[in-house]
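Heavy-atom basis, side chains included; hydrogens, waters and symmetry copies ignored. One-based numbering, in listed order, for ligands and for the atoms of each.
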Amino acid sequence: MKRVEAIVRVERLPIVKEHLREIGIGGMTITSVSGWSKQRELHLQWRGLPVSYDLIPRSKFEIIIPDDQLDLVLKTITENARTGEHGDGLISVSNVEEAINIATLDRGERAIK
Ligand SMILES: Nc1ncnc2c1ncn2[C@@H]1O[C@H](COP(=O)(O)OP(=O)(O)OP(=O)(O)O)[C@@H](O)[C@H]1O
Ligand SMILES: [Mg+2]
């Protein structure tokens, strides 16, 4: 099993989420986060005064999937989260040793269906 974590633009999350549901992933955990990267500062004006933000709101989500869904999941996330502009976000993938469905006590891939 793999854990896929992705940080995406807030406005892209709904479409990414719907497409992941359509390809049949078993669940998803979503968090509101803020972060910085190369575009470290956003300079705006508020009531005529300059304001700078060094943290930009982002949506982060985590999904645990069987190994054989990985390529399709990565394709689905990139196709739906990408604008092609700097700041589209980051996906990371790691190995998951075990998963247990607390209600049914199913383990492994049965637990994440
Ligand atoms: N190495 C990292 N570790 C953790 N979070 C990161 C990392 N890189 C990017 N992020 C997260 O992704 C968000 C968007 O960063 P992203 O890398 O997409 O933009 P960028 O670095 O400004 O431009 P580019 O798209 O050219 O990399 C950041 O605000 C941060 O939350
Ligand atoms: Mg970057």
Name all pairs fulfilling the side chain to side chain donor-acceptor pair (under 3.5 Å) condition that reach into residues 13-23, sequence neighbours left out, sorted by first residue then second.
-> Glu18-Arg21, His19-Asn80
Between Thr31 (side chain) and Val33 (backbone), is there a donor-acceptor pair under 3.5 Å?
-> no
Shortest non-hydrogen contact from Arg9 toward Glu85 = NH2-O, 3.4 Å
Which of the atoms of ligand 1 are close to Leu90, meaning less than 4.0 Å from one of its heavy atoms?
-> 1 (N), 2 (C), 6 (C), 7 (C), 8 (N)
With a cut-off of 3.5 Å and sequence neighbours excluded, list every side-chain donor-acceptor pair involving residues 103-113.
{"from": "Thr104", "atom 1": "OG1", "to": "Asn101", "atom 2": "OD1", "distance (Å)": "3.3"}
{"from": "Thr104", "atom 1": "OG1", "to": "Asp106", "atom 2": "N", "distance (Å)": "3.2"}
{"from": "Thr104", "atom 1": "OG1", "to": "Asp106", "atom 2": "OD2", "distance (Å)": "3.3"}
{"from": "Arg107", "atom 1": "NE", "to": "Glu98", "atom 2": "OE2", "distance (Å)": "3.0"}
{"from": "Arg107", "atom 1": "NH2", "to": "Glu98", "atom 2": "OE2", "distance (Å)": "3.4"}

Minimal heavy-atom distance between Gly27 and Ile63, with the atoms involved, is O-CG2, 3.4 Å
Can you list the ligand 1 atoms lying under 4.0 Å from a non-hydrogen atom of Arg58?
-> 13 (C), 14 (C), 29 (O)
Which atoms of ligand 1 have any heavy atom of Asp88 under 4.0 Å away?
-> 18 (O)
Heavy atoms from other residues, nucleotides or ligands near NZ of Lys60 exceed 12 (cutoff 6.0 Å) | no
State whether the shortest distance between N or O atoms of Gly89 and N or O atoms of ligand 1 falls below 3.5 angstrom.
-> yes
May I ask you to identify, for Val33, whether its side chain, its backbone, both or neither come under 4.0 Å of ligand 1 on a heavy-atom basis?
-> neither
Residue portion contacting ligand 1 (non-hydrogen atoms closer than 4.0 Å) for His86 | both
Which of the atoms of ligand 1 are close to Gly35, meaning less than 4.0 Å from one of its heavy atoms?
-> 29 (O), 31 (O)
Would you check the N or O atoms of Lys38, main chain and side chain alike, for any that come under 3.5 Å of an N or O of ligand 1?
-> yes
Measure from atom 9 (C) of ligand 1 to every heavy atom in Ser37, Ser34, Gly87 and give the option owning the shortest one.
-> Ser37
Nearest heavy-atom pair of Ile23 and Gln69: which atoms, and what distance?
-> O-NE2, 3.8 Å
With a 4.0 Å cut-off on heavy atoms, is Ile7 touching ligand 1?
-> yes
